[in-house]
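To keep things clear, I will list the structure first and then write my remarks on it.
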Protein chains: 2
Amino acid sequence: MSTLPVLNQPPRRSGALLDQLTRRMRRRAESVLAPLGLRTRHLVALTVLRENGGGATQQALAATLLIDRANVVGLLNELETEGLVERKRSELDRRRHIVELTYAGTRRLAAAEFALAAAEDEVLAALDGEQRAALYDLLHQAVGGCAPLDGRAPEHEPGTCAAAAAEGFSADDDCESDSDC
Amino acid sequence: MSTLPVLNQPPRRSGALLDQLTRRMRRRAESVLAPLGLRTRHLVALTVLRENGGGATQQALAATLLIDRANVVGLLNELETEGLVERKRSELDRRRHIVELTYAGTRRLAAAEFALAAAEDEVLAALDGEQRAALYDLLHQAVGGCAPLDGRAPEHEPGTCAAAAAEGFSADDDCESDSDC
DNA sequence: TAAATCGTTGGTGCTGCACAAACCATCTAT
DNA sequence: ATAGATGGTTTGTGCAGCACCAACGATTTA
């Protein structure tokens, strides 16, 4: 606030706060997602599917989500038994599956995003609208302008970090220090 | 920035960004802590020990760190074999161990904090000093003013959320929605 | 003397992944 | 046509990082 040089002030380390806030956010997110029968990874997968428009092969999904192709199978099984996603045989290459978002999937995703936004507002309740916007801007800038699939990912070449950045919610990206995104 | 009402703007969800930034922060933190032979939980424990001044019993530590008392044992073993911490029998109650920070422990902790601050600056490199301060303030306010052991925890009664908030880095606090802190 | 408490040990279980091996169906190259 | 590569699938193993329970010795308290 003040531009006066204040010495001896406590460390002001944001790390702990960041961690704390993220934890709360995640908890709330999981809470509101649960009644929709979704978990974070489902949301990420659905988002990716919607974002790249048409359909994606499973291996493309694996690359984008940075998870093992074997694990993609289970993930899609869950989504498919809920009718949110559909696996179609590619006509060009009948080995491939083209994974597509169903109408139900689109709607569920929208519902999830709505719920998620509410959860976020809840967690950030202590901030007013302006402050939330400021927070968003700072975070955005800090992360490096690499918008996390929300405000349009710049490039979505498979294997890019935009990949893992996907929803921001990924498991444990080994994106490393390399300036992928 | 602008106060003009802008419609149709993308969701601006901070959740993903928060997650992303926190992940980076954690990675860097772990990286710089590793050469010091410390992991996050060690740092948290050391910080708690320093913060409450004298010494703490293991059960008090368990309560403060919100971890099982059985797991405190292993944690302290690691710290003690590194000479950062000392277990003394309480003279008042010889069942108890009074855990104290050694001089080496104090120094190691200071070194860790220094390294951590550097790591943080690295992660927030895209922000200038003023912006970092603004981010801190926003995070602080969002978290609820419950300073995370850095800028003096308001109360440190065992079992409080200030507990888990400890370093902000805790495993999976079930702090729930109850307004503990 | 009996019951409770503190630290300790050891075991079990859970979540949430990664990773590897092997398999069938299918495509591609020769 | 045949061999090799590829896409999806299944199954199994392993790891990290915890929680939780049960039991034990030493000690305190009732």
Side-chain angles (χ1 to χ4, degrees), chain A residues 19 23 26-27 29-30 33-34 38-45 55-81 85-100 158 164 166 169-176, chain B residues 19 23 26-27 30 33-34 38-45 55-81 85-100 158 163-164 166 169-176:
Chain A
D19 207 77
R23 197 189 319 286
R26 216 191 312 252
R27 291 192 79 81
E30 285 166 2
L33 249 35
L38 295 178
R39 314 208 42 189
T40 309
R41 45 192 147 96
H42 300 135
L43 188 64
V44 181
T57 69
Q58 298 187 195
Q59 95 176 332
L61 273 180
T64 306
L65 300 174
L66 288 185
I67 64 179
D68 196 275
R69 68 179 188 178
N71 299 331
V72 171
V73 179
L75 182 55
L76 289 182
N77 286 345
E78 294 166 359
L79 291 175
E80 199 169 29
T81 58
V85 131
E86 206 174 355
R87 276 188 261 222
K88 299 179 178 173
R89 282 269 166 224
S90 163
E91 290 305 326
L92 300 168
D93 184 344
R94 300 187 45 74
R95 288 170 303 181
R96 283 179 153 91
H97 274 159
I98 304 295
V99 185
E100 282 175 3
F169 298 113
S170 41
D172 206 26
D173 57 2
D174 289 332
C175 206
E176 276 308 336
Chain B
D19 208 77
R23 199 189 318 286
R26 215 190 312 251
R27 291 193 78 81
E30 285 166 1
L33 249 35
L38 295 178
R39 313 208 43 186
T40 309
R41 45 189 145 95
H42 299 135
L43 188 62
V44 181
T57 69
Q58 298 188 196
Q59 96 176 332
L61 273 181
T64 306
L65 300 174
L66 288 186
I67 64 180
D68 196 275
R69 68 180 188 179
N71 298 332
V72 172
V73 179
L75 183 54
L76 289 183
N77 286 344
E78 293 166 0
L79 292 174
E80 199 169 30
T81 59
V85 130
E86 205 174 355
R87 277 189 261 222
K88 299 179 178 174
R89 280 271 165 223
S90 163
E91 290 305 325
L92 300 168
D93 184 343
R94 300 186 46 74
R95 289 170 302 183
R96 283 179 153 93
H97 274 158
I98 304 295
V99 185
E100 280 174 4
F169 297 113
S170 42
D172 207 26
D173 57 3
D174 288 331
C175 206
E176 276 309 336

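These numbers were taken from a predicted model, which means no experiment stands behind them.
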Output the rounded distance in Å from CG (A:N77) to P (D:dG8).
13 Å
Touch class at under 4.0 angstrom, heavy-atom based, for B:R69 against every strand present
base
If only side-chain N and O atoms of B:Q58 are considered, is one of them under 4.0 Å from the OP1 or OP2 phosphate oxygen of C:dC6?
no
Would a distance-only check, ignoring hydrogens and angles, find a side-chain to backbone donor-acceptor pair under 3.5 Å from A:R87 to A:I98?
no
Side-chain donor or acceptor of A:Q58 paired with backbone N/O of A:V72 under 3.5 Å:
no
Toward the 5' end of DNA chain D, by each residue's nearest nucleotide, A:R87 or B:E91:
A:R87
Should A:R89 be listed as having a side-chain N or O under 4.0 Å from OP1 or OP2 of D:dG7?
no
A:R69 side-chain N/O to A:Q59 backbone N/O, donor-acceptor pair under 3.5 Å
no
Output the rounded distance in Å from CZ (A:R26) to P (C:dG16).
12 Å
Taking the side chain of B:V73 as its heavy atoms from C-beta onward, which of C:dG7, D:dT9, D:dG7 lies nearest to it?
C:dG7
Of B:R95 and A:R39, the one whose closest nucleotide on DNA chain C sits nearer the 5' end is B:R95
Once rounded to the nearest 0.5 Å, what's the spacing between atom CG of A:L65 and atom CG of A:L75?
7.0 Å
Check whether any side-chain N or O of B:N71 sits under 4.0 Å from OP1 or OP2 of D:dG17, and answer yes or no.
no
Considering just the side-chain nitrogens and oxygens of A:R94, establish if one lies under 4.0 Å of OP1 or OP2 belonging to D:dT6.
no
Rounded off to whole Å, could you give me the CG-to-P distance for the B:D68 and C:dC14 pair?
17 Å
Taken to the nearest whole Å, CD/A:Q59 to P/C:dT26 is 17 Å
Whole-Å distance separating the CG atom of A:L75 from the P atom of D:dT10:
14 Å
So, the side chain of B:R39 versus the backbone of B:A34: is there a donor-acceptor pair under 3.5 Å, distance only?
no
Of the nucleotides C:dG7, C:dC17, D:dG8, which one has an atom closest to the side chain of B:H97?
C:dG7
Would you mind reading off the distance between A:K88 atom NZ and C:dT26 atom P, rounded to a whole angstrom?
19 Å
Atom CZ of A:R96 to atom P of D:dT6: distance rounded to whole Å?
11 Å
Between A:L92 and A:A70, which residue's closest nucleotide on DNA chain C lies nearer the 5′ terminus?
A:A70
Interatomic distance, B:E78 CD vs D:dA16 P [rounded to whole Å]:
13 Å
